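FYI, the numbering just counts along the sequence from 1. Because the structure is a prediction, the values reported are computed rather than measured.
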Amino acid sequence: MKIREAVPADAEAIAWVHVESWKTTYAGIVPQDYLDSLNVADRAAQWERHVAEGVAAIFVAEDEGGVFGFAAGGRSLHPVADYDGELYAIYLLASHQGKCAGAALVRETAGELWRRGFRNMVVWVLRENPACGFYRRLGGVQVGEQSIEIGGTALPEVAFGWADLRVLCEPES
């Protein structure tokens, strides 16, 4: 497995991982017609633009089979008091979850945010997302909650925060 900075040519692979991950992770949580409407081509155009802009730190995880995960972060878009950075997205294909790639993506993103001058970070997660335990294991503490509308349904979200990004930037022991 290799973690590297995303390039515009990765947009379609990122979009595919994004859509497939939503379909597996959010089945039974997000309305099924919304999941069925997700489109790789639409997402690819968005990701190509995001990567080309360079505003967000975007990394991909890949192996001999290609890109199987990605993470993106930057300035907080959904502010929580005293947190300046945000992990916008992190998705892995189901076949690659539980194999340390997620933690590696979070750590790489946190390191880049630190280099860009951010000192802490939050991530917003649907409360029913099984990944909540993943963020807790990485040391995230619940620091907020809100409601988000997806597919016409209001869903509860929680924010996990790291008050000091350095805890994520240090190598695992």
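Side-chain contact, Tyr91 with Trp22: a donor N or O sits under 3.5 Å from an acceptor N or O.
Considering OG1 of Thr109 and CD of Glu112, their distance stands at 8.5 Å, rounded to 0.5 Å. To the nearest 0.5 Å, the span separating CZ on Phe118 from CZ on Arg75 amounts to 7.5 Å. Atom CZ of Arg107 and atom CZ of Phe59 lie 14.5 Å apart (nearest 0.5 Å). Atom CZ of Arg115 is separated from atom SG of Cys169 by 7.5 Å, given to the nearest 0.5 angstrom. Interatomic distance, Ile148 CD1 to Leu126 CG, rounded to the nearest 0.5 Å: 6.5 Å. Rounded to the nearest 0.5 angstrom, Phe68 CZ and Glu62 CD are separated by 8.5 Å.
If you chain together hydrophobic residues whose side chains sit under 4.5 Å apart, Phe70 and Val125 fall into the same group.
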Task: side-chain contact (heavy atoms from CB on, under 4.5 Å) evaluation trace for Trp162 with Leu138 - done: CA-CA 9 Å; Trp162 292 266; Leu138 284 177; 4.1 Å; yes

Task: From CA spacing to verdict: side-chain contact (heavy atoms from CB on, under 4.5 Å), Ile14, Ile58 - done: CA-CA 10 Å; Ile14 292 170; Ile58 305 172; 4.2 Å; yes

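Applying the side chain to side chain donor-acceptor pair (under 3.5 Å) test between Asp63 and each of Lys2, His96, Lys99 identifies His96 as the sole match. For the side chain to side chain donor-acceptor pair (under 3.5 Å) test with His78, the passing option among Gln146, Glu86, Glu157 is Glu86; the others fail. When each of Tyr135, Tyr88, Phe134, Tyr83 is tested with Val123 by the rule side-chain contact (heavy atoms from CB on, under 4.5 Å), just one qualifies, namely Tyr135.
Side chains of Trp47 and Asp10 form no contact here, defined as non-hydrogen atoms less than 4.5 Å apart. Two residues are said to be in side-chain contact when any heavy atoms from C-beta on lie closer than 4.5 Å; Leu105 and Leu92 meet this criterion. By the 4.5 Å heavy-atom criterion applied to side chains, Arg4 and Val60 are counted as neighbours. Side-chain contact check for Trp124 versus Val80: some heavy-atom pair is nearer than 4.5 Å. Side-chain contact between Asn39 and Val19 is absent, with no heavy-atom pair separated by less than 4.5 Å.
Minimum heavy-atom separation, Arg116 to Val55: NH1-O, 2.6 Å. Summarising the geometry of Leu38 relative to Lys23, their closest heavy-atom pair is O-NZ, 4.4 Å, with the distance given to 0.1 Å. The two residues Ala94 and Thr24 make their nearest non-hydrogen contact at CB-OG1, 4.3 Å. Pairing each heavy atom of Gly151 with each of Pro31, the nearest pair is O-CG, 3.8 Å. Annotation for Leu87 and Ala71: closest pair CD1-CB, 4.3 Å, computed over non-hydrogen atoms.
Between the side chain of Asp84 and the backbone N or O of Ser76 there is no donor-acceptor pair closer than 3.5 Å. When atom types are taken as modelled, the side chain of Asn129 and the backbone of Thr25 share no donor-acceptor pair closer than 3.5 angstrom.
Residue-environment remark: CG (Asp82) stays at or below the threshold of 12 foreign heavy atoms within 6.0 Å.
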